[in-house]
Amino acid sequence: MAQIVLGIGTSHTAMTKVPPELWDRYATLDRKRSDYVYPPDARVLDFDNGAKYVAQDMAGRSRELETFQNQSAAANQALDTLAETLKAAQPDVTIIISDDQDEWFYESNMPRFLLYWGDSLTLIPRTTVAASGQDADLAKYQAAAYGETRLDVPVASRFGRFVLDHLLEHDFDIAHSTYAEPSYGGEVARRYGPSDDEVASVKKTPQHEQGMPHGFAFVVHRLMNDQPSPILPIFQNTCYPPNMPTPRRSYQLGRALADAIAAWPEDIKVAVVASGGLSHFVTDEESDRMVLDALQRGDSTALQNLPRERMVSAGGESLNWVALGAVMEGTGLSMELLDYVPIYRSEAATGIGLAYARWQ
């Protein structure tokens, strides 16, 4: 049967590709958003009101260049270690659990879970043309973070169909896909806050050529060095209410996935990667440490009962780690937290909690 030989959890932010000398420019862009979600109660604030809300907590937090340089170095060292670890494991299949953000899925169709099992999936380099009001230098580096070479990435199609069938036979309803469209576009509402008083800002994305979504492309480019062995992409809608999975359901997905892997009759080595997180676009160290502590303890109860109000906006990508933790349960592999790097790039606590871990 298949054997899980490695687990990896990784943030996939483009900040690790951007020179830290440019990180202060993020603060300028951050000021233009109006839908930041602040812990602990998921209140939605614009930049200026957010800065007032966190003023006391932000006092004394360094945003100097030296701090940014140290954070960039730490994150990239952890990524180098994960890349070396994945290469050494030589998996026959790498399952990637990640999400989509205005790439393939829009209000016309937003699946809670999806498994892609086509024969291949194309990584298409992103445009380096900055949109109106964006920073051209940042746009260049951000595009490069998700791959600079067009690649046809092999997908473990036969294994993927088996996993799909196994999930369905065991009452786990999941969407599927076997090919990508030539172009994508649409709109997505950010429905944050309580359902009777939610804030629903809408982002519209014009039709454009779109290959592999960013959470998967980051793994292929940064951890596989653009030399991928077969992958199996699994999507969770971690960012956009109302049909985001609960922590409990993400955990159940991980357990069901582990059972499907174990049922595969052929002797293959499988690695499982959770791509994304942790908290952003407002840094929430308390929530991040809650997730990481539960993973390190192997505490299934804590993982399934993480507070949903902390898994809002892009911080919901922590659910990819929850699913990974469930897959790792019972494998005998131990989690090693390589680094946790909380980054604050403005006085409004905008930023990200970077995390890197491996199970081996």
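Note that these values count all heavy atoms, side chains included, but never hydrogens, waters or copies made by symmetry.
Sorted by first and then second residue, the salt bridge (charged side-chain N to carboxylate O under 4.0 Å, His left out) pairs involving residues 306-315 (not counting sequence neighbours) are Asp284-Arg310, Glu286-Arg310. Sorted by first and then second residue, the salt bridge (charged side-chain N to carboxylate O under 4.0 Å, His left out) pairs with a member in residues 104-113 read Glu107-Arg191; sequence neighbours excluded.
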Got a list of side-chain donor-acceptor pairs under 3.5 Å for residues 90-101, not counting sequence neighbours?
unit_1	atom_1	unit_2	atom_2	d
Asp92	OD2	Lys269	N	2.7
Ser98	OG	Ser275	O	3.0
Asp99	OD1	Asn320	ND2	3.1
Asp99	OD2	Gln101	NE2	3.3
Asp100	OD1	Asp102	N	3.4
Asp100	OD1	Glu103	N	3.1
Asp100	OD1	Trp104	N	3.3
Asp100	OD1	Phe105	N	3.3
Asp100	OD2	Trp104	N	2.7
Gln101	NE2	Glu317	OE2	2.8

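Scanning all heavy atoms of the two residues, the minimum distance from Ser183 to Gln207 falls at OG-OE1, 2.9 Å. In terms of heavy atoms, Gly9 sits closest to Leu82 at O-CD1, 3.8 Å. When all heavy atoms are compared, the tightest approach of Gly277 to Ser11 is O-OG, 2.6 Å. Between Ile174 and Leu167, the shortest heavy-atom distance links the atoms CD1-CD1, 4.0 Å.
Using a 4.0 Å cut-off between charged side-chain N and carboxylate O, Lys32 and Asp30 make no salt bridge. Remark: Asp48 does not engage Lys52 in a salt bridge, criterion side-chain N to carboxylate O under 4.0 Å. Taking 4.0 Å as the cut-off between side-chain N and carboxylate O, Asp137 and Arg25 count as a salt-bridged pair. Glu285 and Arg61 are joined by a salt bridge, as a carboxylate oxygen and a charged side-chain nitrogen come within less than 4.0 angstrom of each other. Between Arg150 and Glu209 there is a salt bridge, since a side-chain N of the basic residue sits under 4.0 Å from a carboxylate O of the acidic one.
Here Thr28 contributes atom OG1 and Leu138 contributes atom CG; the two are 9.0 Å apart, rounded to the nearest 0.5 Å. To the nearest 0.5 Å, atoms CD (Gln296) and CZ (Arg289) are separated by 10.5 Å. Distance check: Asn225 CG to Glu84 CD gives 11.0 Å after rounding to the nearest 0.5 Å. Atom-to-atom distance recorded for Asp259:CG and Glu169:CD is 14.0 Å, nearest 0.5 angstrom. To the nearest 0.5 angstrom, His280 atom NE2 is 6.5 Å from Cys239 atom SG. Put simply, CD1 on Ile8 and CH2 on Trp359 are 9.5 Å apart, with the number rounded to the nearest 0.5 Å.
No donor-acceptor pair closer than 3.5 Å links the side chain of Thr331 to the backbone N or O of Val327. Here the side chain of His208 pairs a donor or acceptor atom with the backbone of Pro206 at under 3.5 angstrom. Asp288 places no side-chain N or O within 3.5 Å of a backbone atom of Val291 that could act as its donor or acceptor partner. Side-chain atoms of Ser62 come within 3.5 Å of backbone atoms of Glu64 as a donor-acceptor pair (strictly under, hydrogens ignored). Using a distance-only test at 3.5 Å, with no hydrogens or angles considered, no donor-acceptor pair links the side chain of His221 to the main chain of Ala217. Listed for the Trp321 side chain is a donor-acceptor partner under 3.5 Å among the backbone atoms of Gly276. Using modelled atom types, no side-chain atom of Ser120 and backbone atom of Val155 make a donor-acceptor pair closer than 3.5 Å. For Asn76 (side chain) and Thr16 (main-chain N/O), a donor-acceptor pair under 3.5 Å exists by modelled atom type.
You'll find the side chain of Ile261 reaches within 4.5 Å of the side chain of Ile4, heavy atoms only. Side-chain contact check for Met244 versus Met110: every heavy-atom pair is 4.5 Å or farther apart. A heavy-atom distance below 4.5 Å is not found between the side chains of Ser279 and Ile352. Here the side chains of Val5 and Val270 are not in contact, with every heavy-atom distance at 4.5 Å or above. Side-chain atoms of Ser250 and Gln236, non-hydrogen and from C-beta on, do get closer than 4.5 Å to each other. Side-chain atoms of Val163 and Leu257, non-hydrogen and from C-beta on, do get closer than 4.5 Å to each other. The side-chain heavy atoms of Thr205 and Glu187, taken from C-beta on, include no pair separated by under 4.5 Å. Contact of the Met15 side chain with the Phe68 side chain is not registered, since no non-hydrogen atoms from C-beta on lie closer than 4.5 Å.
Relative ring orientation between His176 and Trp117 is described as tilted, the plane-to-plane angle lying within the 30° to 60° band. Aromatic ring orientation, Phe235 versus Phe216: tilted (interplanar angle from 30° to 60°).
Hydrophobic clustering, defined by side-chain heavy atoms of Ile, Leu, Val, Met, Phe, Trp and Tyr closer than 4.5 Å, groups Tyr53 together with Tyr36, Tyr38, Leu45, Phe47, Val54, Met58, Phe281, Val282, Tyr344.
Proximity of the aromatic rings of Tyr179 and Tyr116 is defined here by a centroid distance below 6.0 angstrom, and this criterion is not met.
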Where do Thr149 and Asp226 land on the side-chain hydrogen bond (donor to acceptor under 3.5 Å, both in side chains) test, with the steps shown first? CA-CA 8 Å; Thr149 303; Asp226 291 333; 4.6 Å; no
Step by step, would you call Arg345 with Trp23 a side chain to side chain contact (heavy atoms under 4.5 Å, CB included)? CA-CA 7 Å; Arg345 59 196 194 196; Trp23 282 13; 5.9 Å; no
Could you go through the side chain to side chain contact (heavy atoms under 4.5 Å, CB included) check for Tyr251 and Thr246 one step at a time? CA-CA 9 Å; Tyr251 184 87; Thr246 63; over 6 Å; no
Working note: Ile124 + Arg126, criterion side chain to side chain contact (heavy atoms under 4.5 Å, CB included); need CA distance, chi angles, decisive distance, verdict. CA-CA 6 Å; Ile124 300 174; Arg126 297 181 167 215; over 6 Å; no
Walk me through whether Arg158 and Glu266 qualify under salt bridge (charged side-chain N to carboxylate O under 4.0 Å, His left out). CA-CA 11 Å; Arg158 192 166 61 90; Glu266 300 175 19; 2.8 Å; yes
Take Leu306 and Val322 through the side chain to side chain contact (heavy atoms under 4.5 Å, CB included) test and state the conclusion after the steps. CA-CA 9 Å; Leu306 291 168; Val322 171; 3.7 Å; yes
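The closest side-chain donor-acceptor pair between Gln252 and Arg255, if any, does not fall under 3.5 angstrom. Checked by atom type, the side-chain pair Thr350/Ser346 shows a donor-acceptor distance below 3.5 Å. Side-chain contact annotation: Thr85 with Gln360, donor-acceptor N/O pair under 3.5 Å absent.
Here Tyr141 pairs with nothing under the ring pair (Phe, Tyr, Trp, His ring centres under 6.0 Å) rule; sequence neighbours left out. Residues meeting the ring pair (Phe, Tyr, Trp, His ring centres under 6.0 Å) test with Tyr340, sequence neighbours left out: none.
Cation-pi check for Arg222 over Tyr146 is not met; the charged atom does not lie both under 6.0 angstrom from the ring centroid and within 45 degrees of its normal.
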